[in-house]
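Inspection log for the structure reproduced underneath, given as structure tokens.
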Amino acid sequence: MPVIRVEELTFCYNGTEVISEIGFAVERGVYLAVVGPNGSGKSTLVKNILGILKPQQGRVELFGRRLDDFTQWEKIGYLPQRLNGLNTHFPGTVAEIVQMGLTKKDPALLADTLDMMAIGHLARRLIGDLSNGEQQRAMLARALIRRPELLIFDEPTTALDPETRDIFYALTQELSRKEGTTVVLVTHDSGVVGQYARHLLYLDKKVIFSGTFRDFCASPDMAGFFGATSQHIICHQHDKTGSGR
Amino acid sequence: MDLPEIFAYAFVQRAMLAGSLIAAVSALLGLFLVLRRFSLIGDGLAHTTFGSVAVVLLVGISPFYITLAALPLVMVSSLAIYKLTSSKKINADAAIGMVSSLGIAAGIILSSLSGGFNVDLFSYLFGNILTVNRTELVLSAIVFAVVVAVVVYYYDDLFAVTFDSELARSMGVHTERLNVILFLLTAVSAVLAMKVAGIMLVSALLILPALTALQLSVSFRKTMIAATAFAVGAVLCGILFAFVLNLPAGAMIVVFNIIFLLLVFGIRRLFTGRG
């Protein structure tokens, strides 16, 4: 049973198709990178998967249940793209926000999760008083605290410094490998694809490519679509890291 | 007249109790509204309350039950504002302005039809908490109990939806249902608040205590408690000074809300250098 199954998904905004007849499945433990140019529908796809947006056509299943019938939201950790929209006047402490949605508050779990993101010292600070990077780390901690089976990150590392970004990717890779956590990562960072994410979904309103990174690098169709040089650059970038493939 | 003498009057006791309950309810709901940038909804609902009171007076319902009778119309208006603000095609502030103008226009036309503005309608425009009756006191207590129960029961969901409604939806929070509950309770609160501060000043009870508490920069839970405390404090001080100085209670309550806001703002600036 796939963790995510998307079939014939179409979403229109003001009559314009943002994504069209998208279909793919994500199995348990897969680390999937969703890539594509600006406006290709990556974030829209994620919002449709999570029920934030309602598609005009198609269906989404999470853990084998249709989205309308799905209730086990504690299995999912989500980090939205925009932190710019964060209300800086919101009087929530880091501890309150990280524990948001937890039915049972567990101080030890909170401390562990905050330490994992190196923000244990910020627990009592208001979220609006933090720097963008600290806010992002707090939001990552929030997504991780329930130890979810499915993690969905929409451009999670934009506000992070390189060191924290590496820690974040290593952590998600470890969760995927050791705990079998499924990771869906929307990213512009082609260096991440292949190094951490073994599977790739290339979107441009439609699915251009869906499969493993190895298949992507070997695909003559993709060489034709991107040009052999671009394909080689992406794949070579990965080869240099010496991992993943 | 000394304090024990003032507090001995039954109508003063009723006013202070009902006023405190209504102010607490308004402050609790106001915090969610202010943080979600729906501050103007109080104004919008107050204006539709004006139209609703005019309808009730035209129909000839006894002024004794006017608060109760105006409730359904204001609740419907509140849902209309919610539906319009949810629309991607109309901005929230424009939607509130639209319903608000309709409420005032309807009020003016209906009062004209019923022979011009009368004393009853004016008393609702400016409010008079000292004339609160037993029905209104009981209604205030019921609404207070309901709002506190809703806030306690849905605390986590309300926190999430106030922080980020999309994130809340991804956590399985029924944001639509929560919004409808919030808007309906705000409508009830606005109708009751018209008795305390008058239609002209209803939004002050929703906005000012929340703004004052937000200046404290403390956790969400503490901000809620502080907003309620400031609201109740302003009602008690307002009624007391209105009685002693023979001034309108509603306006004095608003003045004390402003005084608290300026005090907290000033103290914060003094100690933290942040304004």
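Everything numeric here is computed off the predicted structure, so don't read it as measured data. Chain naming here is simple, since letters A, B, ... match the order of the sequence lines and numbering starts at 1 in each.
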Counting heavy-atom pairs under 4.5 Å to chain B, which of A/Glu74, A/Arg124, A/Arg142 comes out on top?
-> A/Arg142
Given B/Thr175, B/Leu216, B/Thr162, B/Val34, the one with more heavy-atom pairs under 4.5 angstrom with chain A than any other is B/Thr162
Gap between atom NE2 of A/His89 and atom CZ of B/Arg37 - 0.5 Å precision | 7.5 Å
Hey, does A/Glu96 have a side-chain heavy atom less than 4.5 Å from the side chain of B/Arg221?
-> yes
Which bit of A/Lys75 comes within less than 4.5 Å of chain B, counting heavy atoms only: side chain, backbone, both or neither?
-> neither
May I ask you to test the A/Thr93-B/Lys222 pair for a side-chain heavy-atom distance under 4.5 Å?
-> no
What distance separates B/Arg169 CZ from A/Tyr78 OH, expressed to the nearest 0.5 Å?
-> 10.5 Å
Can you tell me if CZ on A/Phe70 sees more than 12 non-hydrogen neighbours from other groups inside 6.0 Å?
-> yes
Determine the option with the most heavy-atom pairs under 4.5 angstrom with chain B, choosing from A/Ile76, A/Ile127, A/Thr103, A/Leu126.
-> A/Leu126
Smallest separation among heavy atoms of A/Asn87 and B/Leu35, with atom names | ND2-O, 3.0 Å
With a cut-off of 6.0 Å (strictly less than), are more than 12 heavy atoms of other residues, nucleotides or ligands near CZ of A/Arg165?
-> yes
Take the angle between the ring planes of B/Phe220 and A/Phe90 and call it parallel below 30°, perpendicular above 60°, tilted in between.
-> parallel
Residue among A/Asn14, A/Ile52, A/Ile152, A/Ile49 with most heavy-atom pairs under 4.5 Å to chain B | A/Ile52
Where do B/Gly172 and A/Trp73 come nearest, in terms of heavy atoms and distance?
-> CA-CD1, 3.3 Å
So CZ of B/Phe163 and CE of A/Met139: to nearest 0.5 Å the spacing works out to 4.5 Å
Non-hydrogen atoms of B/Asp156 and A/Leu102 that approach each other most closely | OD2-O, 3.7 Å
Rounded to the nearest 0.5 Å, what's the gap from CZ on A/Arg125 to OG on B/Ser219? Could you check?
-> 15.0 Å
